[in-house]
Amino acid sequence: MSDSQYVARPAYYPVFVDLSDRRTVVIGGGKVAERKVETLLSCGASVRVVSPCVTDAIQARADAGEIELHLRCYEEGDLAGACMAYCACGVPSVNSLCHEEARRVGCLMNVVDVPSECDFIVPSIVSRGPLTIAVSTSGTAPTEAKSIRRSLEQQFDDSWADYLELMGQVRLLVKERIEGSDETRRPYYEAASAAGWRERIASGETIEPEDAYRQACSMVEAR
């Protein structure tokens, strides 16, 4: 079989991981590593960066005490205690060493642009507040994944962030005030979904949770 011949691989398992206060490691200090650091911090991860030189943004994060920074080359043991790591240094020999250590210590590893040494890949993401849509082609066509993401960004505009926050607040009010099981509360959740709040928010209207809750209750009572 030719090295250039396409070989299908099993699809990746889609999952959203809670990284709050969990150790993650980024090997490398360039722009790619900087993006990884920013994303990990936004998810509440505890981040360690290992690189002999780093971008100004990474250094600023370290100076502010937001990350742990080691200004040196990768060493055996740098992945100790980590649940996830990225190798973004671009050095093949270091890529392999990091991948080998990750396998030994049970750390999930992503070696940037080297799928054969990745335990996971990073999807193309649309984020709107609590809404996260991840798009992946399992590494076969990253350009198409980005194209799909751009289409989704147009479909799900910024109004979705405030809308879903409102839905979450109404859901809490329903759980606090409507006694019974989830089945009993289901009509209220369905009424909230059908109330048209997202479109009203998109037009610039502000909707208070209490007002939304009362409207949902009225819709249920009117059935």
Side-chain angles (χ1 to χ4, degrees), residues 8-26 28 30-47 49 55 57-58 60-61 66-67 82-88 108-115 117-172 189-209 212 216:
R9 58 145 290 145
Y12 287 85
Y13 181 73
V15 63
F16 289 89
V17 180
D18 181 2
L19 292 179
S20 301
D21 298 322
R22 295 188 178 184
R23 170 69 66 192
T24 60
V25 178
V26 177
K31 285 295 184 180
V32 173
E34 179 184 311
R35 291 195 294 271
K36 304 303 182 188
V37 169
E38 294 296 328
T39 301
L40 290 169
L41 287 176
S42 72
C43 294
S46 173
V47 182
V49 176
T55 65
I58 292 177
R61 290 286 193 179
E66 297 172 349
I67 64 172
C83 68
M84 179 182 294
Y86 291 89
C87 189
L108 293 175
M109 169 62 70
N110 176 280
V111 178
V112 176
D113 292 332
V114 188
E117 294 187 328
C118 290
D119 298 310
F120 68 96
I121 57 175
V122 180
S124 198
I125 295 173
V126 177
S127 181
R128 298 288 186 261
L131 173 65
T132 300
I133 304 173
V135 180
S136 172
T137 59
S138 295
T140 61
T143 301
E144 291 303 318
K146 291 178 181 178
S147 177
I148 295 169
R149 183 204 70 206
R150 286 192 291 268
S151 176
L152 289 168
E153 285 174 338
Q154 295 176 1
Q155 180 180 352
F156 294 90
D157 61 23
D158 291 338
S159 66
W160 280 85
D162 291 337
Y163 167 61
L164 291 176
E165 290 288 354
L166 175 64
M167 289 289 285
Q169 292 169 334
V170 172
R171 183 179 179 84
L172 287 176
Y189 300 146
E190 292 174 346
S193 181
W197 297 332
R198 210 277 304 171
E199 291 78 9
R200 290 165 58 187
I201 291 172
S203 68
E205 184 177 349
T206 298
I207 304 174
E208 296 298 329

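Just so you know, these numbers use all the heavy atoms, side chains as well, and skip hydrogens, waters and symmetry mates.
Distance check: M84 CE to M109 CE gives 11.0 Å after rounding to the nearest 0.5 Å. With rounding to the nearest 0.5 angstrom, the CD1 atom of I207 is 4.5 Å from the CD1 atom of I201. Atom CG in L41 sits 11.0 Å away from atom CG in L19 (nearest 0.5 Å). Rounding to the nearest 0.5 angstrom, the gap separating the OG atom in S46 from the CD atom in E66 is 12.0 Å. Taken to the nearest 0.5 Å, the OG atom of S124 stands 11.0 Å off from the CD1 atom of I133. Atom CG of L152 sits about 10.0 Å away from atom CZ of R149, to the nearest 0.5 Å.
Between P130 and A161 the shortest heavy-atom distance is CD-O, 3.9 Å. Considering all non-hydrogen atoms of both residues, G28 and V49 come closest at O-CG1, 3.6 Å. When all heavy atoms of E34 and T55 are compared, the pair lying nearest together is OE1-OG1, 2.8 Å. Considering every non-hydrogen atom in both S20 and D18, the closest pair reads OG-OD1, 2.7 Å. Of all the heavy atoms in I58 and G30, the pair that sits closest is CD1-O, 4.1 Å. Scanning both residues, E208 and T206, for their nearest heavy atoms gives OE2-CG2, 3.9 Å.
Using a 4.5 Å cut-off on side-chain heavy atoms (C-beta onward), V112 and N110 make contact. Put simply, the side chain of V135 does not reach to within 4.5 Å of the side chain of P123, judged on heavy atoms. For the pair Q155 and V126, the minimum side-chain heavy-atom distance is 4.5 Å or more.
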- Message: One pair to check against salt bridge (Lys or Arg N to Asp or Glu O under 4.0 Å): E153 and R150. What are the steps and the verdict?
- Response: CA-CA 5 Å; E153 285 174 338; R150 286 192 291 268; over 6 Å; no

- Query: So V47 and R61, side chain to side chain contact (heavy atoms under 4.5 Å, CB included) or not? Walk me through it.
  - Reply: CA-CA 10 Å; V47 182; R61 290 286 193 179; over 6 Å; no

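Using modelled atom types and a 3.5 Å distance limit, the side chains of T137 and E144 yield no donor-acceptor pair.
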Please set out all donor-acceptor pairs under 3.5 angstrom arising from side-chain atoms of residues 189-200, sequence neighbours excluded.
from: W197; atom 1: NE1; to: Q215; atom 2: OE1; distance (Å): 2.8
from: R198; atom 1: NH1; to: S159; atom 2: OG; distance (Å): 3.1
from: R200; atom 1: NE; to: E205; atom 2: OE1; distance (Å): 3.1
from: R200; atom 1: NE; to: E205; atom 2: OE2; distance (Å): 3.4
from: R200; atom 1: NH1; to: Q215; atom 2: OE1; distance (Å): 3.2
from: R200; atom 1: NH2; to: E205; atom 2: OE2; distance (Å): 2.7

Do any side-chain atoms of residues 162-170 form donor-acceptor pairs under 3.5 angstrom with protein atoms, and if so which ones, sequence neighbours left out?
none

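Sequence neighbours left out, the pairs with a member in residues 119-156 that pass ring pair (Phe, Tyr, Trp, His ring centres under 6.0 Å) are Y86-F120, F156-W160.
E38 and R35 are not joined by a salt bridge, as no carboxylate oxygen comes within less than 4.0 angstrom of a charged side-chain nitrogen.
With a 6.0 Å radius and a threshold of 12 heavy atoms from other residues, nucleotides or ligands, D113 has its CG atom at or below the threshold.
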